[in-house]
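Read through the structure below, which is laid out as structure tokens, and then see the notes.
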Amino acid sequence: MKKLFFNKEQAEVMAKEYGTPYYVYDEKGMVEGIRRLQKAFSWNKGYKEYYAIKACANPHLIKIMMDEGCGVDCSSYTELMIAEALGAKGENIMFSSNATPAEDFVYARELDSLINLDDITHIEFLEANGGLPETVCLRYNPGGDFKVGNAIMGNPGEAKYGMTRVQLTEAVKKLMAKGVKYFGLHAFLASNMIENGYYASLAAILFETVVEVNKETGAKFTFVNLSGGIGIPYRPEEKPVDLEVVGQGVKEAYERIITPSALGDVAIKTELGRYITGPHGVLVSRAVHRKDTYRHYIGLDACAANLMRPAMYGAYHHITVLGKEDAPCDHVYDITGGLCENNDKFAIDRSMPEIEMGDLLAIHDAGAHGFSMGYNYNGKLHSCEILLKEDGSTKLIRRAEQPKDYFATFDFDDTMTEVIKKR
Ligand SMILES: *Cc1c(COP(=O)(O)O)cnc(C)c1O
């Protein structure tokens with residue numbers, strides 16, 4: 001059974017104070033997760049987690065992570081703005097972008113970020129837009145299939161990211177000739193991996209590659225960036241990743257490949273997003289309609305514009321009917337939002353307790369790629385975000401979007417302005 005970090009009573013109090021739907025985040029859960037991660041990699045001298053801002057871009061949450069010693073992983077201009085506003089600079093920012101606009105590189109260089117280049121052609125592009133730094137990280141794509149043991153976990157060959165093995169050596173030579181002194185190597189080969197062996201397999205590929213490239217070019221690699229990809233158990237029957245096992249697996253690969261090499265100390269960096277916030281954010285929504293036609297539907301006041309993953313990937317998100325945790329799951333429902341899109345369903349054919357109008361439903365594991373993937377289709381507005389603090393109090397960390405926010409990017413005419421004011 002999947003547990004929540006709040007109960008029905010608390011959920012109703014938040015609903016009364018802030019309105020539904022809302023996202024609520026668990027400070028304690030996030031902090032504990034970060035500490036588990038840091039402990040698992042404490043054997044590595046320079047280890048650092050760069051929280052991937054895109055997973056959940058609320059600065060109140062990112063501040064908590066930075067206070068725990070995390071840096072930030074940015075990939076756009078506005079994500080860099082969040083980093084700057086929180087006082088991050090230099091080695092505390094990893095800029096891992098792709099198809100990067102010139103002004104983003106200029107900004108990233110202004111903040112003296114670590115820059116992770118997605119492509120060999122970005123060398124000249126960065127040189128012309130912000131200039132080359134002393135240290136450059138390169139994004140590698142080994143192509144083909146990515147296997148952990150015998151199982152295929154991803155298809156890097158189909159992915160738009162990173163450079164080929166041949167380009168990698170060429171890029172290093174080019175950068176060395178242009179005066180770059182230190183290097184990092186990055187790859188992101190599979191997403192939402194709940195296998196304990198994922199990071200160790202990825203690390204072994206990256207470690208072997210840095211040793212090879214060092215032999216070929218003499219380049220000094222000071223870090224390896226394992227990127228994101230550690231998964232979370234969305235389904236009740238899935239088990240969480242054992243961070244201790246992950247850390248030890250990477251350590252073994254390090255001692256086997258890096259320790260006997262000429263490289264000396266190589267720092268491990270990670271850019272986890274989902275692992276950090278995913279399980280610690282929940283979307284709470286009220287059941288507002290029940291409809292029995294060819295199927296049984298429950299209509300919520302949240303929709304795919306608030307949480308896109310089920311509609312976009314068919315992703316499973318566990319749903320708890322608050323106050324009915326122990327009731328028998330003897331009804332089968334499709335749980336829908338109100339978009340004029342038939343894929344706007346949080347669950348299909350889900351066995352659940354009987355749902356009455358007014359019940360609050362908690363959609364689990366929405367803390368990553370949830371609010372931040374939200375959109376405004378059908379003129380639907382973003383919900384508010386609430387932080388449940390370690391002391392049990394709650395804090396509104398983003399107000400709900402209002403029609404005036406949605407209409408803020410144009411000036412149409414006076415009638416429009418009047419309607420916005422009135423509503
Ligand atoms: C999305 C992304 C991450 C974070 O991935 P998670 O699956 O949330 O851990 C890290 N690095 C890069 C470059 C990404 O695009």
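Atoms within each ligand, like the ligands themselves, are counted from 1 in listed order. Count residues from 1 along the sequence. Because only heavy atoms are used, hydrogens play no part in the values below, and waters and symmetry mates are left out as well, while side chains stay in.
- Between the side chain of Thr209 and the backbone N or O of Ile205 there is at least one donor-acceptor pair closer than 3.5 Å.
- Of the protein's heavy atoms, Lys54 NZ, 1.4 Å lies nearest to atom 1 (C) of ligand 1.
- The contact set between ligand 1 and Asp73, taken as ligand atoms under 4.0 Å from a residue heavy atom, comprises 10 (C), 11 (N), 12 (C).
- The protein heavy-atom contact nearest to atom 10 (C) of ligand 1 is Glu271 O, 3.0 Å.
- Between Phe188 and ligand 1 there is a heavy-atom distance shorter than 4.0 Å.
- Every atom of ligand 1 is numbered from 1 in the order shown, and the set under 4.0 Å from a heavy atom of Leu272 is 9 (O).
- Residue contacts with ligand 1 include Gly229, since one of its heavy atoms falls under 4.0 Å from the ligand.
- At the top of the distance list for atom 8 (O) of ligand 1, counting protein heavy atoms only, stands Arg274 N, 2.8 Å.
- For the pair Ser227 (side chain) and Ala187 (backbone), a donor-acceptor distance under 3.5 Å is present.
- Electrostatic pairing of Lys181 and Glu134 counts as a salt bridge here, judged by a charged N lying under 4.0 Å from a carboxylate O.
- By the 3.5 Å distance cut-off applied to N or O atoms, His369 is counted among the residues near ligand 1.
- If you number the atoms of ligand 1 from 1 as listed, the ones under 4.0 Å from a heavy atom of Arg139 come out as 13 (C).
- A cation-pi arrangement is absent between Arg139 and Phe188 under the rule of less than 6.0 angstrom and at most 45 degrees off the ring axis.
- Formation of a donor-acceptor pair under 3.5 Å by the Glu208 side chain with backbone atoms of Ile257 is not found in this model.
- Checking only distances, Gly273 does come within under 3.5 Å of ligand 1, N or O to N or O.
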Checklist entry - Does the pair Ser383 and Phe371 meet the rule for a side chain to side chain contact (heavy atoms under 4.5 Å, CB included), with working shown? => result CA-CA 8 Å; Ser383 75; Phe371 186 97; 4.0 Å; yes
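- Residues Met153 and Glu195 are in side-chain contact: their nearest non-hydrogen atoms beyond the backbone lie under 4.5 Å apart.
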